[in-house]
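Below: one structure, written as structure tokens.
Hydrogens, waters and symmetry mates are skipped; everything else that's a heavy atom, side chains included, is used.
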Amino acid sequence: MRVVSLVPSVTETLLDWGIEPVACTRFCEQPDLVHVGGTKDPDVEAIAALGADLVVLDAEENRREDYDALLGAGLDVVALRVRSVQDVGHQLEPLAARLGVQWVMGEIPAGVATSASAFVPIWKRPWMALGSPTYGTSLLEHIGVGNVFADHEVPYPETTLEAASDLGPDLVIAPSEPYPFAERHRAELESVAPAVFVDGKDLVWWGSRTAGAIRRLSALSG
């Protein structure tokens with residue numbers, strides 16, 4: 001089956017399943033695959049020209065207007081909706097079955113009681129935080145880290161470091177994507193709380209990496 005993936009998490013998972021997409025986005029970090037635009041600006045004409053049997057999107061990563069345009073081009077489209085650790089198996093197992101892949105989510109490391117709270121910046125200029133409902137917040141809660149912006153009214157609220165500090169987090173979890181937070185940002189972030197830098201893929205990419213990401217990030221709750 002000729003599959004186009006417009007979701008980095010799905011591209012990674014398909015490759016782990018032994019399925020090479022005929023195309024993906026430039027954000028999927030697969031330079032050897034054909035790129036058909038980004039997650040928010042896919043080239044619908046290029047995708048249609050590839051003769052794809054299936055195009056996979058995610059309701060958060062991709063836009064509704066692109067979903068409609070792909071359908072309008074006569075393409076078969078699957079739109080996933082992953083907002084929590086529990087969603088991963090529910091959403092991906094039917095996709096695996098459709099692609100003829102013998103895959104089930106399998107055992108996810110058990111969740112633990114919340115023992116720490118965190119501010120998770122995802123952007124700078126303006127500062128934005130990881131909120132809820134999002135996969136990243138669900139994953140953190142699973143490993144025992146509460147998100148101080150989990151009760152905000154939007155999934156990715158704008159904020160300031162002063163406002164984040166006022167919420168009293170125990171730590172700052174700074175992912176390497178979508179904004180490339182790194183050691184050079186430590187002093188600024190630690191005006192809020194002690195900072196821990198993590199692989200952004202473990203925090204926001206879901207799918208075949210979920211179980212391993214939980215194990216890798218679990219030390220944060222200690």
Side-chain angles (χ1 to χ4, degrees), residues 1-30 32-40 42-44 46-111 132-143 155 199-217:
M1 185 176 287
R2 295 173 61 80
V3 184
V4 172
S5 169
L6 300 182
V7 190
S9 300
V10 171
T11 301
E12 178 181 63
T13 298
L14 290 173
L15 290 168
D16 286 344
W17 289 351
I19 295 175
E20 183 173 298
V22 296
C24 64
T25 77
R26 62 179 177 271
F27 299 115
C28 293
E29 300 188 7
Q30 297 297 329
D32 295 333
L33 297 181
V34 173
H35 292 173
V36 284
T39 53
K40 301 295 191 289
D43 188 333
V44 175
I47 294 169
L50 288 168
D53 298 307
L54 187 67
V55 182
V56 185
L57 292 80
D58 175 71
E60 181 171 293
E61 290 276 355
N62 309 108
R63 304 182 307 168
R64 176 59 187 260
E65 52 262 45
D66 295 320
Y67 170 79
D68 291 339
L70 290 162
L71 288 179
L75 293 161
D76 190 357
V77 184
V78 168
L80 305 176
R81 187 175 180 84
V82 175
R83 296 293 179 275
S84 70
V85 170
Q86 292 72 28
D87 288 340
V88 176
H90 296 156
Q91 294 288 298
L92 287 181
E93 286 172 11
L95 177 63
R98 181 167 182 178
L99 297 175
V101 175
Q102 298 293 319
W103 183 85
V104 293
M105 184 65 196
E107 184 176 354
I108 296 176
S132 184
T134 59
Y135 169 79
T137 290
S138 172
L139 187 150
L140 290 175
E141 291 174 348
H142 190 83
I143 64 173
D199 183 347
K201 295 184 188 67
D202 275 350
L203 188 61
V204 299
W205 288 31
W206 39 261
S208 58
R209 76 163 47 229
T210 293
I214 289 172
R215 287 190 288 268
R216 288 186 290 272
L217 294 174

Any side-chain heavy atom of [X] sitting closer than 4.5 Å to one from [Y]?
X	Y	answer
Asp58	Val10	no
Leu92	Met105	no
Val4	Leu70	no
Val7	Leu80	no
Pro42	Val36	no

Work out which heavy atom in Val44 is nearest to a heavy atom in Ala73; give both atom names and the distance.
CG1-CB, 4.1 Å
Tell me the closest heavy-atom pair linking Pro8 and Thr25, and the distance in Å.
CG-OG1, 4.5 Å
Could you measure the distance from the [atom1] atom of [X] to the [atom2] atom of [Y]? Nearest 0.5 Å is fine.
X	Y	atom1	atom2	result
Met1	Leu54	CE	CG	6.0 Å
Asp66	Lys40	CG	NZ	9.5 Å
Arg63	Leu57	CZ	CG	11.0 Å
Cys28	Leu6	SG	CG	7.5 Å
Thr210	Arg215	OG1	CZ	10.5 Å
Cys24	Leu14	SG	CG	10.0 Å

Does a sphere of radius 6.0 Å around [atom1] in [X] hold more than 12 heavy atoms from other residues, nucleotides or ligands, not counting ones at 6.0 Å or beyond?
X	atom1	result
Glu65	CD	yes
Arg81	CZ	no
Glu20	CD	no

Would you call Arg209 and Asp202 a salt bridge, using N to O less than 4.0 angstrom?
yes
Taking NZ, NE, NH1 and NH2 as the nitrogens, is one of them in Glu12 or Lys201 under 4.0 Å from a carboxylate oxygen of the other?
no
Go through the steps for Glu141 and Ser84 under the test side-chain contact (heavy atoms from CB on, under 4.5 Å), then give the verdict.
CA-CA 10 Å; Glu141 291 174 348; Ser84 70; over 6 Å; no
Students often mix this up, so state it plainly: with edges at 30° and 60°, are the rings of Tyr135 and Trp206 parallel, tilted or perpendicular?
perpendicular
